[in-house]
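Take a look at the structure set out below.
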Amino acid sequence: MAMVRVRFAPSPTGQPHIGWARTALFNWLFARRHGGTFVLRIEDTDQKRAVAGAREVFDAAFQWLGFTYDEGPGRDGGYGPYLQSQRIESHRRVAGELLDQGRAYPCFCTPEEIEARRAEDRRLGRPPRYPGTCRQLSQEERRRRMAGGEPYVIRLLAPEEGSIVVHDLVRGDVSFDLALLDDFVLMKADGTPTYNFASVVDDAEMAITHVLRADEHLANTPKQLILYQAMGRTAPAFAHVPMILAPDRAKLSKRHGATPLAEFMAQGYLPEAVVNYLMLLGWNPGGDREFLTLTEGAQLFSLDRVQKNPAVYDTQKMTWINAHYLRQLGEEELWQRAQPFLTARDLVPDQPSADQAAYAKAVLSLMQSRASTLVELAEAAAVLLTEPEEFDAQGVHRHFESPGAAGRLTALADRLQGATFDAAGLEAAITELAGEMGVARAELIHPARLAVSGRTVGPGLFEMLSVLGRERTVARLRQAAARASS
RNA sequence: GACCCCAUCGUCUAGAGGCCUAGGACGUCACCCUUUCACGGUGAAGACCCGGGUUCGAAUCCCGGUGGGGUCACCA
């Protein structure tokens with residue numbers, strides 16, 4: 001295979017979301033797998049909807065995801081410009097050539113006329129189709145009206161019969177009836193290109209070899225194919241990957257289910273987990289693998305294992321994958337990742353001292369297997385990082401309001417004052433005290449957990465106390481004793 | 001509505017005519033581990049959309065239905 005060049009061509013509108021990331025990812029994986037180039041092109045043709053700063057937003061998204069484009073805005077590979085709006089000269093030139101060759105023609109119909117016609121078609125149950133009014137115009141009339149400054153669009157002179165086959169790398173051959181294609185618009189009256197036209201000109205000029213995009217574009221492909229024919233250029237290969245659907249099976253949209261990446265970031269998802277999940281949504285390397293890194297994916301990716309049917313995305317599974325990656329982080333790494341979430345909640349200062357950092361790390365490790373996201377981790381860590389304020393109501397009833405509760409807590413505080421503060425030492429001390437008092441260990445353990453954390457659930461008590469340290473432990477026990485029943 | 005795509009547990013999927021008594025994972029439910037909660041372990045429930053063919057044999061091939069999705073712009 002010749003040098004593979006793929007492109008990801010988002011419009012600058014809105015936030016990068018889950019579908020955005022999946023399409024970018026598949027393109028990147030394909031490029032890597034074949035030693036090719038992954039190009040980013042921003043389709044900002046529609047200036048009305050252009051959003052300033054899109055490039056920075058995209059770069060931030062790529063940086064978070066952990067992979068990025070080889071060529072694109074600010075990363076010239078000799079096939080620029082990478083902003084579609086900057087290729088306007090080419091769009092006009094090619095449109096002019098098509099006009100000169102008689103493969104396209106100016107159309108002076110007004111939008112109102114077209115719309116009326118379309119409404120009529122719909123009413124009669126006919127496929128809406130441009131009737132070809134301006135097809136018949138003589139060269140003289142065209143020249144005259146164009147020179148006269150009458151507004152016009154440029155339409156492709158599309159073939160009227162026959163069929164065209166898309167050789168799709170995921171779906172196989174898909175045939176379309178050309179009689180159903182009308183003379184679609186190439187250049188709008190304002191002199192800017194339409195999507196199908198700009199996209200084709202750009203792909204051709206950028207020497208794109210494979211177009212991997214979402215399934216929703218499959219129906220556009222015959223238009224693009226006849227455009228390549230009209231331009232006398234070889235079309236790239238196409239591969240339409242299945243769409244990602246919202247949990248209710250509806251198409252993802254800004255308003256519906258297309259969760260922005262920024263939100264996953266804010267919710268404390270790890271990018272490697274999101275990427276792992278996305279990679280396996282609509283593709284799999286065969287077998288039972290659930291965990292895959294970008295590097296592994298880049299070695300294994302192949303279009304013939306891309307699914308044909310759309311995939312509903314399910315946050316539960318992504319959360320599970322996230323929890324898996326979270327548990328695998330070492331203490332230092334965990335701290336690095338969690339720190340922003342801790343400082344955002346004022347659980348550690350912006351510039352923690354060595355002691356504060358060490359304590360936070362120990363707490364994080366303690367909570368690591370009990371959280372699925374960094375947000376959950378921070379919330380779990382808060383229990384030990386701050387003084388307990390609220391105590392679990394049922395726990396209070398059971399452990400603080402039982403007869404002798406205060407006495408047990410005080411006795412425990414007294415005993416732990418002089419205990420060795422590691423898990424083994426604490427266990428020995430508590431076991432011994434329970435024996436002396438003639439109560440089950442649990443009679444001390446449960447009230448103690450509630451006393452130091454305010455919760456009835458959490459890490460093993462001995463580990464928790466050893467992390468908490470003597471001072472905090474004893475203080476919290478005494479405070480709890482004060483409010484418990486004697 | 002027309003055109004196109006698709007169809008395996010609730011979800012993601014394995015499955016390329018006999019290996020399928022349809023496998024795995026998430027989720028759900030039990031049990032084990034245990035000082036609680038997680039983690040981990042074990043197990044259970046849970047699917048080939050329907051109907052016709054083809055074949056000795058079909059989840060796998062063909063046809064038809066049904067269902068879901070997409071596209072039908074001077075949006076991208």
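Proteins get letters first, then strands, A, B, ... in listed order; numbering begins at 1 in each.
- Neither OP1 nor OP2 of B:G24 sits under 4.0 Å from any side-chain N or O of A:Lys317.
- A ring-ring contact (aromatic ring centres under 6.0 Å, His included) with A:Tyr69 is found for one member of A:Phe62, A:Phe38, A:Phe58 and no other, namely A:Phe62.
- When the side-chain nitrogen and oxygen atoms of A:Arg289 are compared with OP1 and OP2 of B:A14, none of them lie within a distance under 4.0 Å.
- Within the 4.0 Å cut-off from OP1 or OP2 of B:U28, not a single side-chain nitrogen or oxygen of A:Gln316 is found.
- A donor-acceptor pair shorter than 3.5 Å can be found between the side chains of A:His256 and A:Asp248.
- Using a 4.0 Å heavy-atom distance criterion, A:Asp288 is classed as a base contact.
- Near RNA chain B, defined here as any heavy-atom distance below 4.0 Å, the residues from residues 156-173 of chain A are A:Arg171, listed numerically.
- Residues A:Thr45 and A:Gln84 bring a donor and an acceptor atom of their side chains to less than 3.5 Å of each other.
- Side-chain nitrogen and oxygen atoms of A:Arg118 include at least one within less than 4.0 Å of the OP1 or OP2 phosphate oxygen of B:A73.
- The phosphate of B:U8 has OP1 or OP2 within less than 4.0 Å of a side-chain N or O from A:Asn309.
- The aromatic rings of A:Phe108 and A:Tyr152 sit tilted, their planes meeting at an angle between 30° and 60°.
- Distances shown here put a side-chain N or O of A:Arg305 below 4.0 Å from the OP1 or OP2 atom of B:G15.
- Residue A:Lys223 places none of its side-chain N or O atoms closer than 4.0 Å to OP1 or OP2 of B:C72.
- In terms of phosphate contacts, A:Asn284 brings a side-chain nitrogen or oxygen within less than 4.0 Å of OP1 or OP2 of B:A14.
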